[in-house]
Amino acid sequence: MNELWNEILKQLSVALSETAVSTWFTECEFVAFEDDNLVICAGSEFRKDVIEKRFAATICGIASSLLAGDIKLTVLSDAEEAQAYLGRKQFNGDSEFARMKDFTFTNFVLGEENRWACGISRKVSEEPGNGLYNPVFIYSGSGLGKTHLLYAIGQAIKEKYPDKNIVFAKGDDFLNRMIQAIREGEGKKFRDEFRTADVLLIDDIHVLAGKRATQEEFFNTFNAVYEAGHQIVVTCDRPPKELSDLEERLRTRFESGILCEISRPGLQLRKDIVAFKAAQAGLELSETDVDFIAGRLTCNVRQLEGAIKNLVAYQGIMGKISGEALIRTVENMCQTEDRRITPELVLKETARYYSVTVDDIKSNSRVQKYVKARKMAMYVLREKLGMTFEDIGTLCGNRDHATVINNFKQVFNNKSTAEVREALNVIYMNIGDKP
Ligand code: ADP
Ligand code: MG
């Protein structure tokens, strides 16, 4: 990482909200600094757009004052562009594979809850495209290892078959890139990129539900790859039959493949995971400690990891973890666990994002920011909790369901705008539903 970029990031986090920094800059990489030109890689076309439009001036300002010169900024969209920019020099940035490196089969702790999903994933990696295991549909709640397995598959295939074209995308990347490609008349390039995949790995496919145009494109891509006998693995937060807004033919395709559910880890698996992650992080825990952590934190693996990370940090600073510190850390994490996503939480966090109150959302006032918050709340209630339009209407100040549908559609149709995306990112994060 480059010093200059590090310093700019530091100053940016003073100038902007923490959320803005984490939304737009965590995946940003330094590429080069030449002739008063700072070159960074945004990680996606969409982020590049936002950074150029909204933050370029601030970044240039900071850079110019740091270097006492007139600094220009060039934003590249992805690792490929960064590599092209650098020519023969290696771009050692955050390539897809660099990001994946800890998510291997070796680092995946097995239990009854995930044995089938992991077994199939291994089979697929040994013989991608073998008709027996195609397509593979892995589903589970959040934080249970879907992305981990998908990355493990990608890496294992890359190692065994270095020449295979492995195409990896998150559902919303697929969405954003498609919209962008169509807007710029580059539909063909987009299609070719996905359709020439030997192995197509798509994470979080549920974001495509309800998005007609994208589904159509995805269906065509899916068919092209599948009919060429190439491997497809997708992950999703629910089984195909519950993807109510998914086109029938797409759902049928998934159902005809291999379905793998990962269930929430039971006590034994949680203990194994805690022990494994602690050992890996050089954290000394007694058996009683492991039992305590695994006994209290029952939600998902991400949470167990969070506890280990906190304890590692604590050990790093204090030298040794006292019994009391252990209990406090774990109890703190439990409180977050109790914060299940409820309609009230959605209203509260949406209101907070727009700096209004829950009562404003429920009121009849047409003040613009109340209206915005109201529409957004309706959208999130539908998307995240799957509430009926009637129930949403009742909750949001006794409105009829046609009004709710109307509002829902308005947010839906604007989903690719920076404003709505940022709002959704923040609200989802604050209701504890990390993407
Ligand atoms: P999902 O995609 O299902 O939301 P992730 O794959 O991102 O979940 O998993 C969340 C975190 O938990 C990741 O850091 C992952 O490495 C870890 N994890 C999940 N399951 C396991 C497991 N069985 N063994 C080790 N780590 C796991
Ligand atoms: Mg995931």
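As the structure lists them, so they are numbered: ligands from 1, and atoms in each ligand from 1.
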Using only heavy-atom distances, determine whether the side chains of [X] and [Y] contain a donor-acceptor pair under 3.5 Å.
X    : Y    : result
E45  : S77  : yes
N414 : Q410 : no
W24  : E422 : yes
R191 : T221 : no
T23  : N425 : no
N107 : Q280 : yes

Check: What part of L269, side chain from CB on, backbone N/CA/C/O, both or neither, has a heavy atom under 4.0 Å from ligand 1?
Finding: neither
Give the residue and atom name of whichever protein heavy atom lies nearest to [atom], and the separation in Å to one decimal.
atom                    : answer
atom 7 (O) of ligand 1  : R302 NH2, 3.2 Å
atom 23 (N) of ligand 1 : V109 O, 2.8 Å
atom 16 (O) of ligand 1 : H148 ND1, 2.7 Å
atom 2 (O) of ligand 1  : T147 OG1, 2.7 Å
atom 25 (C) of ligand 1 : N107 O, 3.3 Å
atom 27 (C) of ligand 1 : V301 CG1, 3.4 Å
atom 17 (C) of ligand 1 : E305 OE2, 3.3 Å

Checklist line | Under-4.0 Å salt bridge between E193 and R177 | finding: yes
Notebook entry, point to check: Is the NZ or CZ atom of K415 positioned over F412's six-membered ring, under 6.0 angstrom from the centre and within 45° of the axis?
Noted result: no
Margin query: Within the structure, is a non-hydrogen atom of C118 found at a distance of less than 4.0 Å from ligand 1?
Written below: no
Check: Out of K146, K309, R270, whose heavy atom sits nearest atom 3 (O) of ligand 1?
Finding: K146
Give the ring-plane orientation class for [X] versus [Y], where under 30° counts as parallel, over 60° as perpendicular and anything between as tilted.
X    : Y    : value
F389 : F408 : perpendicular
F194 : F190 : tilted
F254 : F218 : tilted

Only heavy atoms of [X], strictly under 4.0 Å: list the atoms of ligand 1 that pass.
X    : result
G141 : 3 (O)
F103 : 13 (C), 14 (O), 15 (C), 16 (O)
S142 : 4 (O)
N114 : 23 (N)
K277 : 16 (O), 17 (C), 25 (C), 26 (N), 27 (C)

Check: Backbone or side chain, does T235 get an N/O/S atom under 2.8 Å to the Mg ion (ligand 2)?
Finding: no
Any N/O pair [X]/ligand 1 closer than 3.5 Å:
X    : result
G145 : yes
L144 : yes
F108 : no
G143 : yes

Check: Going by heavy atoms in the side chains, are F55 and L16 under 4.5 Å from each other?
Finding: yes
